[in-house]
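Right, one structure below, let's go through it.
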Number of protein chains: 2
Amino acid sequence: MNTSEDMDLVFQALAHRTRRDILDLLRAEPGQAVGHLASNFDVSRINIINHLRVLETAGLVISEKDGRSRRLYLNLMPIQMVYDRWTDRYSGYWSDRLASLKYGAEQATKLKGTS
Amino acid sequence: MNTSEDMDLVFQALAHRTRRDILDLLRAEPGQAVGHLASNFDVSRINIINHLRVLETAGLVISEKDGRSRRLYLNLMPIQMVYDRWTDRYSGYWSDRLASLKYGAEQATKLKGTS
DNA sequence: ACAATATGTAATCATGTAATTACATGAATA
DNA sequence: TATTCATGTAATTACATGATTACATATTGT
């Protein structure tokens with residue numbers, strides 16, 4: 001998670017519903033195989049493999065071979081690092097939830113007042 | 001932030017370095033105009049307008065007309081809602097930073113042991 | 001060895017995105 | 001009113017992405 005390109009990969013990976021659903025399924029049942037995972041979707045198995053490649057490139061999914069199948073695991077570290085970087089940047093705004101909402105209200109007021 | 005399509009928009013908006021840089025600049029100097037913002041980049045002014053449209057569609061940027069210019073503001077609410085939803089889902093893993101790192105270590109050990 | 005199973009690669013097609021140039025609108029000001 | 005300034009729209013181009021079908025690899029079991 002050093003370069004900005006890595007962050008691009010993580011956000012892009014999360015920017016598709018199927019891939020977010022994959023992460024949910026891997027969280028619910030870690031170590032499941034590709035075919036078993038794909039059976040949850042209406043799209044082709046190959047499409048799920050393509051999505052898995054995107055997730056693996058972003059570091060969000062790790063896999064290990066197990067005979068003729070492949071076990072899949074969720075890895076949340078990239079999301080943690082994005083979160084850390086983001087909250088470092090904007091910690092003043094929303095490191096604390098209440099402060100964030102306060103900011104949102106202030107901004108709304110400011111916009112209302114000047115328009 | 002009700003539908004999954006809204007989350008797609010937010011993640012897609014964040015999945016480009018220029019757009020993340022725009023958010024940083026708007027945070028540093030709220031209310032700045034389009035041309036002033038665009039002067040920070042090497043790309044064309046129109047390209048920044050296109051990126052702004054993406055950010056506004058995702059709800060991350062709000063704007064108001066001010067004479068012949070347009071004032072731009074950062075809106076972090078969509079990110080907050082994505083964050084809330086994500087941490088709701090995976091709160092057991094990384095609502096607490098230490099717990100998250102612990103999970104990461106456990107997962108690494110698990111993978112090492114079975115491969 | 002042969003067949004069945006699990007996964008992956010290659011080629012393809014349609015669609016979407018990023019960035020550009022040229023032109024158009026609308027507001028401030030001489 | 002004409003002109004400059006700030007912004008926006010339209011059309012275009014190159015490239016990336018999502019999803020598919022057909023084929024290929026590798027492993028298990030008969």
Side-chain angles (χ1 to χ4, degrees), chain A residues 3-23 25-26 29-73 111 114-115, chain B residues 4-23 25-26 29-58 60-73 111 114-115:
Chain A
T3 70
S4 187
E5 287 77 30
D6 293 334
M7 270 179 78
D8 287 354
L9 291 178
V10 174
F11 283 123
Q12 260 172 333
L14 294 172
H16 198 287
R17 194 206 156 100
T18 301
R19 291 195 286 263
R20 291 196 301 273
D21 288 347
I22 287 176
L23 296 185
L25 289 165
L26 291 185
E29 190 180 339
Q32 66 182 286
V34 175
H36 182 249
L37 172 71
S39 69
N40 292 284
F41 299 90
D42 284 338
V43 296
S44 71
R45 181 183 54 85
I46 305 298
N47 183 243
I48 298 300
I49 291 183
N50 291 339
H51 282 306
L52 280 172
R53 188 179 304 121
V54 175
L55 289 167
E56 290 182 283
T57 302
L60 288 162
V61 166
I62 305 173
S63 69
E64 55 168 348
K65 290 208 66 177
D66 181 21
R68 67 182 152 186
S69 81
R70 204 174 118 217
R71 300 191 166 280
L72 301 168
Y73 298 94
L111 283 170
T114 49
S115 62
Chain B
S4 186
E5 287 77 29
D6 293 334
M7 271 179 79
D8 286 355
L9 291 178
V10 174
F11 282 123
Q12 258 172 334
L14 294 172
H16 198 287
R17 193 205 157 99
T18 300
R19 289 193 287 264
R20 290 196 302 273
D21 288 347
I22 287 175
L23 296 186
L25 289 166
L26 290 185
E29 189 179 339
Q32 66 182 286
V34 175
H36 182 249
L37 172 70
S39 68
N40 293 284
F41 299 91
D42 285 339
V43 296
S44 71
R45 182 184 53 84
I46 305 300
N47 183 243
I48 299 300
I49 292 183
N50 291 339
H51 282 306
L52 280 172
R53 188 180 302 121
V54 175
L55 288 167
E56 290 182 283
T57 302
L60 289 163
V61 167
I62 305 174
S63 70
E64 55 169 346
K65 290 207 67 177
D66 180 22
R68 66 181 153 186
S69 79
R70 205 175 118 214
R71 301 193 166 277
L72 302 168
Y73 298 95
L111 284 170
T114 48
S115 62

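The chains referred to below are lettered A, B, ... by the order of the sequence lines, with proteins before strands, and numbering in each begins at 1.
In this model, the phosphate group of D/dA19 is approached by a side-chain N or O of A/His16 to a distance below 4.0 Å at OP1 or OP2. Between A/His51 and D/dA19 there is a side-chain polar atom (N or O) within less than 4.0 angstrom of OP1 or OP2. Between D/dG29 and A/Arg68, no contact under 4.0 Å exists linking OP1 or OP2 to a side-chain N or O. Distances shorter than 4.0 Å separate none of the side-chain N or O atoms of B/Ser44 from OP1 or OP2 on C/dA19.
Checking side-chain atoms of A/Gln32 against main-chain N and O of A/Leu25 turns up a donor-acceptor pair under 3.5 Å. Looking only at distances, no side-chain donor or acceptor of A/Arg71 sits under 3.5 Å from a matching main-chain atom of A/Ile62. B/Asn40 places a side-chain N or O within 3.5 Å of a backbone atom of B/Leu37 that can act as its donor or acceptor partner.
Judged purely by distance below 3.5 Å, without hydrogens or angles, the side chains of B/Ser4 and A/Arg20 pair a donor atom with an acceptor atom.
B/His36 has its NE2 atom 17 Å from the P atom of D/dC5, to the nearest Å. Between the NZ atom of A/Lys65 and the C1' atom of D/dT27 there is a distance of 8 Å, given to the nearest Å. In this structure, B/Phe41 places its CZ atom 14 Å from C1' of C/dA19, rounding to the nearest Å. Atom CG of A/Leu52 is separated from atom C1' of D/dA19 by 14 Å (rounded to the nearest Å). Note: CD (A/Glu64) to C1' (C/dG8) measures 18 Å, nearest angstrom. Atom CZ in A/Arg45 sits roughly 11 Å away from atom P in C/dT9 (whole-Å rounding). The distance from atom CD1 of B/Ile48 to atom C1' of C/dA18 is 11 Å, rounded to the nearest whole Å. We find that CZ of B/Arg53 is positioned 14 Å from C1' of C/dT20, with the value rounded to whole Å.
Among C/dT7, D/dT9, C/dA18, the nucleotide with an atom closest to any side-chain atom of A/Val34 is C/dT7. Picking from C/dG8, D/dT9, C/dT7 the nucleotide with the shortest atom distance to the side chain of B/Ile46 gives D/dT9. When distances run from any side-chain atom of A/Arg70 to the nucleotides C/dG8, D/dA19, C/dT7, the shortest one goes to C/dG8.
For the pair B/Ile49 and A/Asn50, nearest-nucleotide mapping onto DNA chain D gives the more 5' position to B/Ile49.
Residue A/Arg17 is classed as having no contact, given no heavy-atom separation below 4.0 Å to the nucleic acid.
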(request) I would like to know whether A/Arg70 and A/Asp66 meet salt bridge (Lys or Arg N to Asp or Glu O under 4.0 Å); could you show each step before the answer? (result) CA-CA 5 Å; A/Arg70 204 174 118 217; A/Asp66 181 21; over 6 Å; no
